[in-house]
Amino acid sequence: MGFLLARRFAVVSALLCVILPCHAKLSTKFYAKTCPNVEAIVRSVMAPAVAKEPRMGASIIRLFFHDCFVNGCDASILLDDTPTFTGEKNAGANANSVRGYEVIDAIKTRVEAACKATVSCADIIALAARDAVNLLRGPTWHVPLGRKDSRTASQSAANANLPGPGSSAASLVAAFAAKGLSAREMTALSGAHTVGRARCLLFRGRIYTEPNINATFAAARQQTCPQTGGDGNLAPFDDQTPDTFDSAYYTGLVAQRGLLHSDQELFNGGSQDSLVRKYSGNAKIFAGDFAKAMVKMGGLVPAAGTPTEVRLNCRTLN
């Protein structure tokens with residue numbers, strides 16, 4: 001009888017994972033015996049990469065987000081297209097935008113040399129994202145591990161699941177809720193925009209047409225983002241401390257200096273205004289909330305029945 005109940009529970013749980021976002025049963029000690037130095041190896045590649053180009057830290061954080069939001073944290077974003085396979089790299093939010101693939105490749109090469117066929121690419125992304133935040137003077141946290149790499153990817157899911165720069169506050173709340181993440185966690189995770197850059201194409205509409213923008217800030221951005229042309233020109237999300245992971249992003253929002261429409265939506269007379277003010281005035285609360293939200297987002301897993309493996313090369317199936 002106990003066996004039948006357990007089996008029935010397992011079946012119900014699997015069905016729920018198909019319907020709702022599921023969180024993995026991960027462990028911070030997953031590789032304690034099989035690859036005890038994995039975290040040090042990841043850090044040994046991330047540290048010089050971020051020192052050489054601080055923006056790369058922001059790119060790796062974004063890579064983690066864009067992976068987890070599409071069918072769970074399964075490294076599906078790393079799969080290259082082939083004549084018979086269409087991956088996620090050329091989805092609208094990823095093409096000519098997501099960066100850092102070569103850094104993940106370099107980490108994987110070192111990890112494979114130390115612990116062959118043991119550590120998933122998905123776990124490497126999660127560790128690299130944590131290190132990226134910390135190397136940019138942000139918080140650190142223990143990363144639960146034990147993810148597997150998906151043998152599938154979905155460009156259509158990437159196009160449907162990743163919030164765009166024109167998103168409203170309501171649509172952002174809904175997109176994160178669909179992944180089991182609260183409005184507070186959404187606002188905390190948006191704080192990743194305290195580092196990194198965006199292309200002119202993504203913020204041109206805001207700096208030329210939107211009323212809820214600081215005039216001096218808009219004029220400064222217009223210097224490098226003309227009304228026509230220059231689509232790839234970059235500007236920092238946080239123009240005060242663009243390469244330091246702090247709470248200045250929220251200070252900017254309070255001053256109407258959000259770069260993207262979706263950024264300023266977090267402070268525009270809506271439900272997140274009070275939280276943005278809190279983070280703006282208390283970097284410690286933001287750092288704590290961000291770390292917890294990253295762990296929770298990192299627990300998203302593919303739906304039950306998704307074929308998985310530990311890839312030997314993060315770009316291709318075994």
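Keep in mind that this is a model prediction, so the values were computed, not measured.
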Check each of N96, D80, N94 against K89 using the side chain to side chain donor-acceptor pair (under 3.5 Å) test, and report the only one that passes.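 Going through N96, D80, N94 one by one, the side chain to side chain donor-acceptor pair (under 3.5 Å) with K89 is satisfied by D80 alone.
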Looking at [atom1] of [X] and [atom2] of [Y], how far apart are the two atoms once the value is rounded to the nearest 0.5 Å?
{"X": "I213", "Y": "R206", "atom1": "CD1", "atom2": "CZ", "answer": "4.0 Å"}
{"X": "E185", "Y": "D289", "atom1": "CD", "atom2": "CG", "answer": "8.5 Å"}
{"X": "S280", "Y": "D273", "atom1": "OG", "atom2": "CG", "answer": "12.0 Å"}
{"X": "S150", "Y": "D74", "atom1": "OG", "atom2": "CG", "answer": "4.5 Å"}
{"X": "I125", "Y": "S120", "atom1": "CD1", "atom2": "OG", "answer": "8.5 Å"}
{"X": "S262", "Y": "E265", "atom1": "OG", "atom2": "CD", "answer": "8.0 Å"}

Would Y249 and F286 count as a close aromatic pair, with their ring centres under 6.0 Å?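 No - the distance between ring centres of Y249 and F286 does not fall below the 6.0 Å cut-off.
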Please name the pair of heavy atoms, one in [X] and one in [Y], separated by the smallest distance, quoted to 0.1 Å.
{"X": "D238", "Y": "A248", "answer": "OD2-CB, 3.3 Å"}
{"X": "R199", "Y": "S97", "answer": "NH2-CB, 3.9 Å"}
{"X": "A175", "Y": "P163", "answer": "CB-CG, 4.1 Å"}
{"X": "R311", "Y": "C314", "answer": "NH1-O, 2.8 Å"}
{"X": "D67", "Y": "S76", "answer": "OD1-N, 3.2 Å"}
{"X": "I61", "Y": "A132", "answer": "CG1-CB, 3.9 Å"}

Any donor-acceptor pair under 3.5 Å linking the side chain of [X] with the backbone of [Y]?
{"X": "N159", "Y": "A91", "answer": "no"}
{"X": "D149", "Y": "A122", "answer": "yes"}
{"X": "S44", "Y": "V42", "answer": "no"}
{"X": "T194", "Y": "G191", "answer": "no"}
{"X": "K179", "Y": "M297", "answer": "no"}
{"X": "D123", "Y": "G146", "answer": "yes"}
{"X": "N214", "Y": "R257", "answer": "no"}
{"X": "N268", "Y": "Q264", "answer": "no"}
{"X": "T187", "Y": "R184", "answer": "no"}

Evaluate the side-chain contact (heavy atoms from CB on, under 4.5 Å) criterion for residues V98 and E88: first the C-alpha distance (whole Å), next the side-chain angles of each, then the deciding distance (0.1 Å), finally the verdict. CA-CA 10 Å; V98 171; E88 297 165 14; over 6 Å; no
Hey, are [X] and [Y] close enough for a salt bridge, meaning a charged N less than 4.0 Å from a carboxylate O?
{"X": "E39", "Y": "R43", "answer": "no"}
{"X": "D231", "Y": "R204", "answer": "yes"}
{"X": "D243", "Y": "R197", "answer": "yes"}
{"X": "R315", "Y": "D105", "answer": "yes"}

Mind checking whether [X] and [Y] have side chains closer than 4.5 Å, heavy atoms only?
{"X": "F237", "Y": "L260", "result": "yes"}
{"X": "T224", "Y": "C200", "result": "no"}
{"X": "M186", "Y": "L266", "result": "yes"}
{"X": "V301", "Y": "T306", "result": "no"}
{"X": "S59", "Y": "M56", "result": "yes"}
{"X": "R277", "Y": "V254", "result": "yes"}
{"X": "R99", "Y": "L63", "result": "no"}
{"X": "Y250", "Y": "K278", "result": "no"}

Hey, any chance [X] and [Y] share a hydrophobic cluster, counting ILVMFWY side chains that come within less than 4.5 Å of each other, even indirectly?
{"X": "Y279", "Y": "L259", "answer": "no"}
{"X": "V310", "Y": "L312", "answer": "no"}
{"X": "V111", "Y": "L79", "answer": "no"}
{"X": "Y101", "Y": "I41", "answer": "yes"}
{"X": "Y208", "Y": "F217", "answer": "yes"}

Given side-chain contact (heavy atoms from CB on, under 4.5 Å), test I207 with C225 step by step and report yes or no. CA-CA 9 Å; I207 64 173; C225 182; 3.9 Å; yes
Reference residue L145; test side chain to side chain contact (heavy atoms under 4.5 Å, CB included); the match among V119, L26, L127, T28: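 The passing option is L127.
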Qualifying residue for side chain to side chain contact (heavy atoms under 4.5 Å, CB included) with I107, from V38, V45, I60, D131: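 So, applying the side chain to side chain contact (heavy atoms under 4.5 Å, CB included) to I107 and each of V38, V45, I60, D131, only V45 qualifies.
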No-hydrogen, no-angle side-chain donor-acceptor test under 3.5 Å, T86 and Q155: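 Distance-only check fails for T86 and Q155.
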D239 and R221: CA distance, side-chain angles, deciding distance, side-chain contact (heavy atoms from CB on, under 4.5 Å) verdict: CA-CA 10 Å; D239 64 348; R221 294 285 71 83; 3.8 Å; yes
Does D263 form a side-chain contact (heavy atoms from CB on, under 4.5 Å) with F203? I'd like the steps, not just the answer. CA-CA 10 Å; D263 289 322; F203 61 83; over 6 Å; no
Matching residue for E309 among R151, K148, R147 - test: salt bridge (charged side-chain N to carboxylate O under 4.0 Å, His left out):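 Exactly one pass, corresponding to R151.
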Do the ring planes of W141 and F290 sit parallel (below 30°), tilted (30 to 60°) or perpendicular (above 60°)?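 W141 and F290: perpendicular rings.
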